[in-house]
Structure formats: C-alpha cells, structure tokens
Student: 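Got a structure for you, written out below as structure tokens; questions coming shortly.
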There are 2 protein chains.
Amino acid sequence: MFSQSEENYIKAIYHLAVDSSVKGISTNAIAKKLATKASSVTDMIKKLSEKKVVVYKKYQGVTLTDFGKKTATNIIRKHRLWEVFLVEKLNFSWDEVHEVAEQLEHIKSPKLINELDIFLGFPKRDPHGDPIPDSEGNLQIIEKSLLAVLNKGEEGICVGVDDTSSEFLQFLDKQGIALGKRIKVIEKEPFDGSLLIQLDDKELSISNKIANNLYIQQ
Amino acid sequence: MFSQSEENYIKAIYHLAVDSSVKGISTNAIAKKLATKASSVTDMIKKLSEKKVVVYKKYQGVTLTDFGKKTATNIIRKHRLWEVFLVEKLNFSWDEVHEVAEQLEHIKSPKLINELDIFLGFPKRDPHGDPIPDSEGNLQIIEKSLLAVLNKGEEGICVGVDDTSSEFLQFLDKQGIALGKRIKVIEKEPFDGSLLIQLDDKELSISNKIANNLYIQQ
DNA sequence: TATAATTTTTAGTCATGTCTAAAAATCATT
DNA sequence: AATGATTTTTAGACATGACTAAAAATTATA
Ligand SMILES: [Mn+2]
Ligand SMILES: [Mn+2]
Ligand SMILES: [Mn+2]
Ligand SMILES: [Mn+2]
C-alpha cells in the first residue's frame with residue numbers, strides 16, 4: 001500500500017510522462033507540479049525507487065515501471081470516477097470537483113471503486129472529457145485535436161479541456177462552451193491566433209489561449 | 001482543520017463520553033479504543049487541549065468542549081451518511097461498511113456532505129440503527145433497551161446493535177435477525193442469561209452476550 | 001574548453017504521530 | 001497511614017514527509 005503522499009507523486013509522474021515525450025521526468029518538473037521543493041522530490045523518488053515504482057539513476061530523472069504505471073492508472077481511475085459521481089449525483093459543477101476528487105482518490109477499497117463504477121453505469125469519460133481507465137488500467141486513447149490547430153472552415157465537437165482550473169471552466173460556462181457542443185471555425189486571425197467561432201448559431205471570438213485549451217473531435 | 005489522527009481521537013473521546021457517564025475520559029480508555037499506547041494518547045491530548053477541543057488537567061482525564069462535541073458529531077454525521085450510501089447505493093452489507101466509512105469520514109468538503117445528505121433523502125439512521133446528526137450537530141436520542149433487559153413475554157422491534165463487528169453482524173444475518181424485525185422473549189434462562197425468542201414465527205435460542213448487543217424498541 | 005548558470009543531491013533541521021522504558025502520581029488494600 | 005498495584009506522564013527514540021542551505025553534477029554560453 002502507498003501513502004497519500006506517495007500516490008500523489010506517482011500520479012504526478014504519470015501525468016508528466018504522458019504529455020512530455022521525454023524518457024526521464026525531471027526532479028524540478030515534479031516539484032513544480034506538486035508545488036513542493038526539489039529536495040523533497042529527491043527524497044521521495046528514492047523511496048519510490050526502493051519500492052520498485054520508478055526507475056531512478058541520479059541526475060537522470062525518473063521513469064515509472066509497469067507496476068508504477070498500473071498504480072498510477074488505478075489512482076486516476078478512482079479520481080475520475082469520483083468526479084463523475086460528484087457531477088452526476090451530487091450536483092457539483094465541473095469546476096468544483098477537482099479538489100474533492102483529489103482527496104477521494106486515496107480511499108482504499110477495491111469493492112468501493114468497482115461498485116461505484118457499476119452504480120455510475122461504467123462511464124467512459126470524466127466531466128472534463130478525460131477517459132476513465134478500466135479496472136485493469138487500460139485507458140482508451142481518444143483522437144482529438146486542439147481547437148487552435150483547426151483551420152478556417154473546419155468544425156467538430158468539443159470533447160475535452162486541457163486546463164481544468166475553475167477559472168477556465170467557469171469562463172467556458174459563461175461563454176456557453178460545454179462538452180458535446182459543435183464548434184466551427186469561421187475566421188482565424190494570424191496576428192494573435194484568436195478565432196471567430198460559431199457556437200449554437202451565435203458567433204463568438206475567443207483568444208488563442210482559450211483555443212489551446214479546448215479539445216475538438218472532428 | 002484537524003488531521004485524520006486528531007479526528008479519530010476526537011471521535012473516540014466522544015463515543016467513550018456518551019456511554020460511560022463519568023466526567024473525565026481516561027487516557028487508558030482512549031488508548032484501548034484506538035489500539036494505541038497511553039503515552040501516545042497523552043501527547044495527543046495535550047495538542048487537542050491547546051486547540052480548545054478538550055479540557056485537560058494532568059491525571060484527571062479529558063472532557064470535550066462544546067467546540068469539541070460539535071466537531072465530533074460532524075465527523076459522526078459524515079461516517080454514518082457514508083455508511084448509508086454504501087449500503088443503499090453500492091450494495092455493501094452492513095458488516096462491510098465500517099472500515100471504508102472510517103476513511104471517508106475524513107474527507108473535507110461541506111458541500112459534499114450536504115449534497116450526500118440530500119441525495120440519500122435525509123436518512124435518520126445508519127445501517128446499524130444509529131442516529132445521524134443534522135448539520136448543526138443535533139442528534140435525536142432514540143429510546144431503546146437492550147434485549148437482555150426485557151422480561152419473559154415482553155416484545156419489541158429490533159432497532160440497533162451495540163457491537164458493529166463483522167463477526168457479530170454476520171452472525172445476526174445467519175440467524176435472520178435484522179433491524180425492523182419483531183422479537184418476543186419466550187423464555188429467559190436465569191442460569192446463563194440466555195433467551196428463547198420468537199422471530200418470524202420461529203423460536204430461536206440466543207446467548208446472553210448476543211442479547212446484550214441488540215437494541216429493542218418497545 | 002573554460003566558465004557561468006542551472007539542476008539535482010546531500011546534510012541538517014523540523015513537525016507530526018508513534019513507540020518503549022522509566023519516573024511520577026493516583027488508587028486500592030490492609 | 002503505609003505499601004503495593006495501576007495509571008499516567010515524561011524522556012528519548014524513530015519513521016514519514018517536508019524545508020533551507022550548501023555542495024556536487026550537469027548543461028549552457030562564451
Ligand atoms: Mn490527491
Ligand atoms: Mn477530471
Ligand atoms: Mn477514521
Ligand atoms: Mn454505523
């Protein structure tokens with residue numbers, strides 16, 4: 001069994017590894033993600049290495065073992081299932097779930113999480129469009145592209161967000177942008193990368209920063 | 001905010017105070033309840049005293065302040081609501097919920113617990129018949145008596161259990177004893193305190209130990 | 001390739017929560 | 001009231017997980 005702290009490190013390393021294509025994850029990157037100090041990361045890395053969760057050579061960064069990856073996807077499965085529960089059953093909005101799921105993901109009970117999965121009807125995505133790993137840790141990859149890379153005239157369905165901060169999510173709510181909405185690029189401004197999009201028969205101008213945090217399935 | 005460990009101590013002190021009618025709760029009693037050592041209890045008691053949760057004078061035992069009682073009932077509210085959730089929604093049996101609720105009771109989120117209460121339809125009792133405090137910490141007292149104190153010929157409805165160990169609860173399942181069942185004392189054996197009871201038109205002999213852990217409402 | 005900047009590790013400290021062993025206080029018994 | 005038993009506290013240690021400051025290694029730059 002892993003402590004809450006160990007689990008947070010394992011998850012952070014997994015997420016960094018998924019979207020960074022580099023072999024070893026750096027101490028500093030982990031420290032930044034977890035808002036802690038590099039020296040603390042080095043300490044924890046040594047422990048996780050002892051426990052065969054990561055492969056670690058001094059100054060070379062860290063890589064998850066298969067066991068480590070399995071552990072990580074299991075925590076992510078719990079996190080995302082709880083997020084679905086909070087939104088679907090307890091009237092949380094998608095910008096309120098993260099903090100609570102961050103706690104709930106550490107509850108130890110295999111029965112709990114499998115029954116929760118059943119109760120929720122085996123959801124495939126969490127409220128932010130992220131895929132939910134199955135109990136073996138398999139996680140379906142969804143082909144999706146950032147809205148920012150679409151060309152003028154192209155369109156698709158909004159299927160996810162990259163940034164899950166409540167500021168960003170509340171902004172999307174305010175603009176009427178939600179998962180499942182059809183978005184079409186009407187105009188693309190070369191100067192600042194801003195887009196004019198069509199949403200629900202309205203036209204809307206969104207900045208490049210926004211377009212770089214919205215995933216579209218074409 | 002309190003740590004998980006602090007919360008476990010607060011809850012233990014509350015429970016000991018409720019069913020022991022003595023002013024000060026002893027260090028040893030707390031140690032026994034939490035399966036820890038008296039010296040650890042003394043350390044923690046000092047900290048809780050600093051935080052105004054308990055009143056403590058050396059060698060005199062410990063008493064919860066109003067603030068401490070409020071904190072305790074809040075944890076108990078969470079514990080019992082989660083137990084209801086597990087049984088009603090996730091197909092847990094009443095002997096499987098305790099361990100998990102012991103973890104879930106420490107999740108910090110006022111919205112979570114209030115929404116859970118709504119979702120469950122404001123239950124008044126947990127799966128073991130124990131009352132669920134409201135959000136102000138008020139807890140209705142249920143008049144109930146141990147089956148062991150009933151006299152020959154008396155009867156009532158089973159409304160609670162004192163021991164919530166899975167061994168005891170599974171034993172009750174096996175005998176067909178459950179909350180809501182009507183029980184009548186047919187015969188009372190003075191020698192060992194065992195009872196012959198009527199349950200569902202069957203007669204059943206139960207030991208004094210069992211009768212001392214079953215609550216009846218007459 | 002030497003030097004500077006950055007990253008990573010080490011050394012030492014601290015808070016929390018636990019423990020054992022010993023001392024001190026309280027309680028029980030005669 | 002004295003003695004013995006029990007309870008409680010203290011003292012000192014340890015594990016976990018964090019921190020700061022300094023040293024060491026790596027990477028970037030001239
Ligand atoms: Mn977490
Ligand atoms: Mn999510
Ligand atoms: Mn607990
Ligand atoms: Mn209960």
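Each chain gets a letter, A, B and so on, in the order the sequences are listed, and its residues count up from 1.
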Student: Report the distance from atom CD of Gln4(A) to atom P of dA18(D), rounded to the nearest whole Å.
Tutor: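 Gln4(A) atom CD is separated from dA18(D) atom P by 11 Å.
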
Student: Would you kindly check if the NZ (Lys) or CZ (Arg) of Lys209(B) is within the cone defined by 45 degrees around the ring axis of Phe168(B) and under 6.0 Å from the six-membered ring centre?
Tutor: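 No, Lys209(B) does not lie over the aromatic ring of Phe168(B).
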
Student: Without decimals, in angstroms, what is the distance between Lys57(A) NZ and dT9(C) P?
Tutor: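 The distance from NZ of Lys57(A) to P of dT9(C) comes to 13 Å, rounded to the nearest Å.
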
Student: Checking all strands, does Ser40(B) fall into the base, sugar-phosphate, or nothing category for heavy-atom contacts under 4.0 angstrom?
Tutor: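 Ser40(B): base contact, heavy atoms under 4.0 Å.
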
Student: Under 6.0 Å between the ring centres of Phe85(B) and Phe85(A)?
Tutor: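 Close enough - the centres of the two rings lie under 6.0 Å apart.
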
Student: Answer yes or no: does a side-chain N or O of Lys37(B) lie under 4.0 Å from OP1 or OP2 of dT8(D)?
Tutor: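 So the side chain of Lys37(B) is outside the cut-off, no N or O lying under 4.0 Å from OP1 or OP2 of dT8(D).
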
Student: dT16(D), OP1 or OP2 - any side-chain N/O from Ser5(A) closer than 4.0 Å?
Tutor: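 Answer no for this pair, as no side-chain N or O of Ser5(A) is under 4.0 Å from OP1 or OP2.
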
Student: If you pin Ser26(B) and Ser3(A) to their nearest nucleotides in DNA chain D, which one's is more 5'?
Tutor: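 With Ser26(B) and Ser3(A) compared, the 5'-side residue is Ser26(B).
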
Student: In whole angstroms, how far is the P atom of dA25(C) from the OH atom of Tyr59(B)?
Tutor: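 After rounding, the reported distance stands at 6 Å.
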
Student: OP1 or OP2 of dT10(D) versus the side-chain N and O atoms of Ser39(B): is any pair under 4.0 Å?
Tutor: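 Looking at the OP1 and OP2 atoms of dT10(D), neither is under 4.0 Å from any side-chain N or O of Ser39(B).
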
Student: Measuring from atom OG of Ser39(B) to atom CE of Met44(B), what distance do you get when rounded to the nearest 0.5 angstrom?
Tutor: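 Nearest 0.5 Å value for the OG-CE distance: 12.5 Å.
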
Student: Would you say Thr42(B) places a side-chain N or O within less than 4.0 Å of OP1 or OP2 belonging to dT9(D)?
Tutor: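 Yes, such a contact exists.
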
Student: Can you tell me how far C1' of dA18(D) sits from CG of Asn8(A), to the nearest Å?
Tutor: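 It works out to 14 Å between those atoms.
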
Student: Rounded off to whole Å, could you give me the CD-to-C1' distance for the Gln60(B) and dC27(C) pair?
Tutor: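 Nearest whole value for this atom pair: 13 Å.
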
Student: Atom NE2 in His128(A), atom OG1 in Thr164(A): separation rounded to 0.5 Å?
Tutor: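 Taking NE2 in His128(A) and OG1 in Thr164(A), the distance rounds to 5.5 Å.
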
Student: Is it the case that Glu7(B) and His106(B) place a side-chain donor and acceptor less than 3.5 Å from each other?
Tutor: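 Distance-only check passes for Glu7(B) and His106(B).
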
Student: How close or far is atom C1' of dT8(C) from atom CD1 of Ile30(A), stated in whole angstroms?
Tutor: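 Atom-to-atom, Ile30(A) to dT8(C), this comes out as 12 Å.
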
Student: Just the rounded figure in Å: distance from C1' of dT16(C) to CZ of Phe2(B).
Tutor: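 One finds 15 Å between C1' of dT16(C) and CZ of Phe2(B), rounded.
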
Student: Any side-chain N or O of Asn28(B) below 4.0 angstrom from OP1/OP2 of dT8(D)?
Tutor: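 So the side chain of Asn28(B) is within the cut-off, an N or O lying under 4.0 Å from OP1 or OP2 of dT8(D).
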
Student: Asp43(B) has an atom CG; how far is it from atom C1' of dT8(D), in whole Å?
Tutor: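 For the pair Asp43(B) CG and dT8(D) C1', the rounded distance is 12 Å.
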
Student: Lys58(A) side chain N/O closer than 4.0 Å to the phosphate oxygens (OP1, OP2) of dA24(D)?
Tutor: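 No, because none of the side-chain N or O atoms of Lys58(A) sits under 4.0 Å from OP1 or OP2 of dA24(D).
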
